[in-house]
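Data first, discussion second: the structure below is written as structure tokens.
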2 protein chains.
Amino acid sequence: MTAQRERIFSALHGASDHPTAEAVWSEVRTDMSSISLRTVYQTLNDLVGMGELAQLDIGPGPARFDPMNVPHHHVVCDACGRIADLTVEFPSVGLPDELAGDFDVVSTEIIFRASGCGVCRGAEG
Amino acid sequence: MTAQRERIFSALHGASDHPTAEAVWSEVRTDMSSISLRTVYQTLNDLVGMGELAQLDIGPGPARFDPMNVPHHHVVCDACGRIADLTVEFPSVGLPDELAGDFDVVSTEIIFRASGCGVCRGAEG
DNA sequence: GAGCTTAACAACAACTATTGTTGTTTGACA
DNA sequence: TGTCAAACAACAATAGTTGTTGTTAAGCTC
Ligand SMILES: [Mn+2]
Ligand SMILES: [Mn+2]
Ligand SMILES: [Zn+2]
Ligand SMILES: [Zn+2]
């Protein structure tokens with residue numbers, strides 16, 4: 001673990017908003033002005049590979065990175081882009097028997113999509 | 001509705017595999033050799049805007065387009081990229097009360113991720 | 001059917017997000 | 001201190017998608 005890796009890791013754990021790679025870069029550059037965006041991408045990919053981070057690809061735009069390493073779900077506001085965590089479990093959600101033999105399911109993601117949220121509504125009045 | 005639009009629309013309804021824009025382009029070009037990829041993207045976007053199609057952004061790579069206009073869920077094989085439809089409903093899945101006031105939820109997507117599937121397994125032996 | 005109008009089109013350029021490449025730095029260790 | 005490997009920064013390139021613009025073609029008027 002190099003200084004860059006540690007700094008990126010801590011930046012992510014300090015952010016609860018599922019930042020993009022560029023957002024992480026922005027944050028990290030306040031301390032390490034010479035770090036390259038390439039290194040941030042590389043490190044984030046490594047951490048995802050190690051299972052330390054999750055990568056969220058929710059709709060168009062850049063990938064978001066998620067420091068929470070317990071499985072959880074998300075609520076996405078399509079108006080402002082906010083992504084909230086949802087630690088609730090839904091044990092009743094499973095693949096029907098007819099498909100269970102076809103697919104080796106390893107995880108289940110639930111995404112609630114919203115047309116607006118408290119932050120949006122608050123921002124405009 | 002122009003000939004191009006009609007052809008793109010029919011190409012999508014003839015494909016059950018959630019094709020990419022490029023795949024649609026490939027298919028359509030067998031008949032209309034001069035159609036541009038730009039037109040395919042434009043038309044697909046228009047159809048999504050009209051609610052005739054859904055756009056799926058599942059993980060990295062190009063967007064996939066979905067002709068089924070009843071809400072449904074998906075099973076994704078991360079090994080081969082196959083995406084299967086799941087018309088089962090999960091009525092028990094909803095946003096917990098504590099967040100229901102914050103987010104104006106308009107839809108719910110469930111994605112089952114698989115590490116392999118019948119097609120993969122069959123293909124290698 | 002010629003002339004006007006407008007929407008859609010093809011061609012091409014630009015852009016965003018991400019990854020490939022390569023030479024340099026850094027830090028562990030002999 | 002010299003050797004080595006891993007990680008890095010700089011830069012180039014790629015994939016996917018959208019912006020722009022001049023051209024074509026369909027619909028309407030007379
Ligand atoms: Mn999360
Ligand atoms: Mn589908
Ligand atoms: Zn919002
Ligand atoms: Zn498969």
Side-chain angles (χ1 to χ4, degrees), chain A residues 1-12 15 17-67 76 78 80-83, chain B residues 1-12 15 17-67 76 78 80-83:
Chain A
M1 271 264 164
T2 66
Q4 284 90 343
R5 264 159 203 251
E6 245 175 292
R7 186 65 187 79
I8 288 169
F9 192 77
S10 86
L12 261 151
D17 59 343
H18 306 86
T20 65
E22 287 229 11
V24 172
W25 188 43
S26 255
E27 160 68 18
V28 168
R29 271 203 299 177
T30 61
D31 301 347
M32 312 182 77
S33 58
S34 77
I35 194 171
S36 75
L37 179 57
R38 186 66 184 88
T39 295
V40 173
Y41 270 109
Q42 184 62 59
T43 302
L44 290 173
N45 284 347
D46 290 350
L47 292 170
V48 168
M50 292 185 229
E52 300 286 340
L53 297 179
Q55 177 172 343
L56 307 181
D57 298 284
I58 313 182
R64 317 281 294 244
F65 293 88
D66 190 330
V76 180
D78 285 329
C80 71
R82 181 157 78 108
I83 302 176
Chain B
M1 272 260 165
T2 66
Q4 285 89 344
R5 265 158 203 250
E6 245 174 291
R7 186 65 187 79
I8 288 168
F9 191 76
S10 86
L12 260 150
D17 60 342
H18 307 86
T20 65
E22 287 229 9
V24 172
W25 189 42
S26 255
E27 160 67 19
V28 168
R29 272 202 297 178
T30 61
D31 302 347
M32 313 183 75
S33 59
S34 77
I35 195 169
S36 75
L37 180 56
R38 185 69 185 86
T39 295
V40 174
Y41 269 109
Q42 184 62 58
T43 303
L44 290 173
N45 284 347
D46 290 351
L47 292 170
V48 169
M50 292 183 226
E52 299 286 340
L53 297 179
Q55 178 172 344
L56 306 181
D57 298 285
I58 313 183
R64 318 282 294 244
F65 293 88
D66 191 329
V76 180
D78 286 329
C80 70
R82 180 156 80 106
I83 301 176

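Values in this document were obtained by computation on a predicted structure and should not be read as measured data. Proteins come first, then strands; the chains are lettered A, B, ... in the order of their sequence lines, and each starts at number 1.
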Rounding to 0.5 Å, atoms CD (B/Q4) and OG (B/S34) come to a distance of 7.0 Å

Please name the pair of heavy atoms, one in A/A15 and one in A/P67, separated by the smallest distance, quoted to 0.1 Å.
O-CG, 3.9 Å

Expected output is a numbered-order residue list: members of residues 39-56 of chain A with a heavy atom under 4.0 Å from any atom of DNA chain C. What is it?
A/Y41, A/N45

Which of C/dA8, C/dA10, D/dC8 is nearest the side chain of B/T2? It is C/dA8

A/I35 atom CD1 is separated from D/dA7 atom P, nearest whole Å, by 14 Å

A/R7: which of A/V24, A/T43, A/T30, A/I35 passes side-chain contact (heavy atoms from CB on, under 4.5 Å)
A/T30

If I take atom CZ in residue B/R5 and atom C1' in nucleotide C/dA7, what distance separates them, rounded to the nearest angstrom?
9 Å

Over all strands shown, is A/Q4 touching base, sugar-phosphate only, or nothing at heavy-atom distances under 4.0 angstrom?
sugar-phosphate

Can you sort out which residues in residues 26-33 of chain B have a heavy atom within less than 4.0 Å of DNA chain C? Ascending by number, please.
none

Assign B/T20 to base, sugar-phosphate, or nothing according to its heavy-atom contacts below 4.0 angstrom with the strands shown.
nothing

Within residues 57-64 of chain B, those residues having any heavy atom closer than 4.0 Å to DNA chain D are B/P62, B/A63

Taking all non-hydrogen atoms of both residues into account, name the closest pair between A/I8 and A/V40 and its distance.
CD1-CA, 3.8 Å

Taking CD from A/E22 and P from C/dT18, how many angstroms apart are they, rounded to a whole number?
9 Å

Once you round it to whole Å, what is the distance between C1' of C/dA8 and CD of B/E6?
14 Å

Report, one pair per line, the protein and nucleotides 20-27 of chain C atoms (nitrogen or oxygen only) whose separation is under 3.5 Å.
from, atom 1, to, atom 2, distance (Å)
C/dG20, N7, A/R38, NE, 3.1
C/dG20, N7, A/R38, NH2, 3.1
C/dG20, O6, A/R38, NE, 2.9

If you measure from CZ on A/R5 to CD on A/Q42, what distance do you get to the nearest 0.5 Å?
7.0 Å

Do any side-chain atoms of residues 47-64 of chain A form donor-acceptor pairs under 3.5 angstrom with protein atoms, and if so which ones, sequence neighbours left out?
from, atom 1, to, atom 2, distance (Å)
A/R64, NE, A/H18, O, 2.6
A/R64, NH2, A/D17, O, 3.2
A/R64, NH2, A/H18, O, 3.3

Minimal non-hydrogen separation, A/E27 against A/A11, with atom names
CG-CB, 3.7 Å

Could you tell me how far apart A/L37 (CG) and C/dT18 (P) are, to the nearest whole angstrom?
9 Å

Heavy atoms of A/L37 and A/W25 approach each other most closely as N-NE1, 3.3 Å

Enumerate the protein-to-nucleotides 4-6 of chain D contacts in which both atoms are nitrogen or oxygen and the separation is below 3.5 Å.
none

